[in-house]
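Computed over heavy atoms, backbone and side chain alike; hydrogens, waters and symmetry mates excluded. Reminder, nothing fancy here: chain letters follow the sequence lines and each chain counts from 1.
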Amino acid sequence: MKPLLEVHRLCVPRNAHFAVQVERLTVYAGETLVLIGPNGAGKTTLLLGLARILKATQGSLRLNGEEIRDDLTYRRHLGLVLQDALLVSTTVWNNVALGLRFRGLPAAEIRQRTRRWLERLGVAHLAGRPATQLSGGEARRVSLARALALEPTLLLLDEPFAGLDAPTRERLREDFHAILSETRTTAILVTHELEEACTLATRVAVMLAGRVVQVGPVQEVFARPVNAAVGAYLRRLGAEERAAYS
Amino acid sequence: MIPEAEIWQITALSLRISLTATGLSLFLGLPLGTWLALGRFRGQTFLLSLINTGMGLPPVVVGLVVAMLLWRSGPLGGLNLIYTPTAIVIAQTLIALPVVTGLTASALQQLDVRLQWQLAGLGASRVQMVLVLWREARLPILAALMAGFGAVISEVGASMMVGGNIKGQTRVLTTAIVLETSRGAFDRALALGALLLGLTFLVNWGLTLLQQRGRR
Ligand SMILES: Nc1ncnc2c1ncn2[C@@H]1O[C@H](COP(=O)(O)OP(=O)(O)O)[C@@H](O)[C@H]1O
Ligand SMILES: [Mg+2]
């Protein structure tokens with residue numbers, strides 16, 4: 001497999017007391033790397049560091065083997081979906097077109113891609129609706145359409161299905177899964193849902209206290225946690241999941 | 001009675017001066033407030049509190065400073081601006097500027113910081129990001145504009161000091177009211193006062209219409 005993003009010795013401070021530090025992390029083209037870890041482990045911070053939105057104090061980031069020089073050029077290879085939909089107060093259509101307009105694409109292409117991705121996420125009927133008047137599930141779909149319309153080289157998602165009711169979440173996850181395999185988009189997805197990790201992950205990366213402590217295929221990580229802390233976290237995750245379904 | 005023509009002249013001048021000053025304060029205060037809200041630099045908090053103090057700047061103090069600068073023997077005396085409408089515009093701009101700047105900064109700081117992350121993640125350049133944030137904060141920014149206009153249209157001290165209340169030249173509604181009152185002509189002062197209120201209402205009505213149309 002070909003490396004798409006290579007992280008080396010990255011340090012991303014969030015505040016005076018907390019920084020994420022990653023010695024080495026590689027994301028391969030076409031894979032879905034699922035980032036798991038307890039609340040406050042630094043998953044969001046790492047994602048924002050990888051997007052060059054939070055400043056790294058040191059480290060190197062290579063996309064397709066090339067060191068990133070210009071942040072804006074690099075960011076225009078990405079798609080970002082944060083934990084809240086964070087739509088701007090205009091229509092659904094304008095929200096989905098936003099990133100395409102930032103890139104100054106021709107109007108016809110913007111129209112075509114906006115329509116295609118609104119349809120693909122099943123929210124085309126909401127196109128003229130103000131984005132402030134959507135349900136939680138609809139807003140997430142719009143936010144996903146907005147990122148996918150950019151046809152990004154790398155998709156970054158921070159708990160994109162959190163806070164939705166179970167049936168809505170499941171349907172959205174299935175749609176999303178289908179889109180990922182269809183488009184073969186490389187993605188880094190943050191979650192603390194075991195089921196989500198199992199269904200979506202090519203590999204999982206476990207974060208504890210600001211460090212990526214283990215990376216590997218799901219089965220392997222669950223079968224052989226590298227240390228007691230990872231083992232304890234995974235057991236807790238499994239127990240939560242069983243409790244949620246009993 | 002004051003001749004009708006003179007009343008219209010005074011009203012039009014008041015409106016022209018205060019709208020120009022408000023426009024200028026927007027032109028300067030919007031970028032300044034944006035920089036204060038979104039930038040990261042040393043002394044930012046200090047500068048913000050300075051601006052916030054400036055929101056309550058007494059017009060007479062501004063009038064005094066501008067008068068000293070523009071006075072014939074003053075540093076800018078060569079421009080021959082003292083007792084001209086331009087002098088009043090300068091003073092009123094200085095009065096409205098901290099209001100517009102401070103309220104713009106607070107409007108932008110009230111937006112979710114994560115919106116900036118999201119926009120950056122969608123590939124927004126710095127300018128594109130600011131344009132979207134202005135749009136998101138358009139309601140409070142228009143409120144800032146109304147506050148700025150309200151501060152200058154109702155202001156009398158600075159207009160009097162740098163304009164001189166010269167009939168037909170620098171007499172505006174507020175200074176005319178002061179004059180009529182000092183003469184004991186309360187009916188005229190009252191009529192002018194009603195005109196001032198009506199004018200302020202009309203301008204704010206227009207801005208509010210604009211503001212509420214942007215609400216969606
Ligand atoms: N808004 C914030 N401002 C400053 N520090 C924060 C903020 N949010 C979180 N942090 C700090 O950063 C750490 C990591 O947070 P985050 O990256 O959000 O973790 P996760 O996404 O794994 O829950 C937290 O433990 C906290 O100390
Ligand atoms: Mg998080």
Next on the checklist: We want to know whether B:S18 and B:Q92 form a side-chain donor-acceptor pair, criterion being a heavy-atom distance below 3.5 angstrom.
Outcome noted: yes
Checklist outcome for this item: One option among A:I53, A:L78, A:V81 has the most heavy-atom pairs under 4.5 Å with chain B, and it is A:I53
Item to check | Region of A:R52 in contact with chain B, defined by heavy-atom distances below 4.5 Å | outcome: neither
Checklist outcome for this item: If one checks every heavy atom of A:L72 against chain B at 4.5 Å, the contacting part turns out to be side chain
Item to check | Interchain contact, A:A85 with chain B, by part (heavy-atom threshold 4.5 Å) | outcome: backbone
Next on the checklist: Under a 3.5 Å cutoff, is there a donor and acceptor pairing between the side chains of A:E31 and A:T202?
Outcome noted: no
Next on the checklist: Checking B:S159 against B:E155: is there a side-chain donor and acceptor pair closer than 3.5 Å?
Outcome noted: yes
Next on the checklist: Between B:T104 and B:W134, is there a side-chain donor-acceptor contact under 3.5 Å, judged purely by atom types and distance?
Outcome noted: no
Checklist entry - What part of A:L86 lies closer than 4.5 angstrom to a heavy atom of chain B: side chain, backbone, both or neither? => result both
Checklist entry - Between B:F41 and B:W35, what is the ring plane arrangement, given parallel below 30°, perpendicular above 60°, and tilted in between? => result parallel
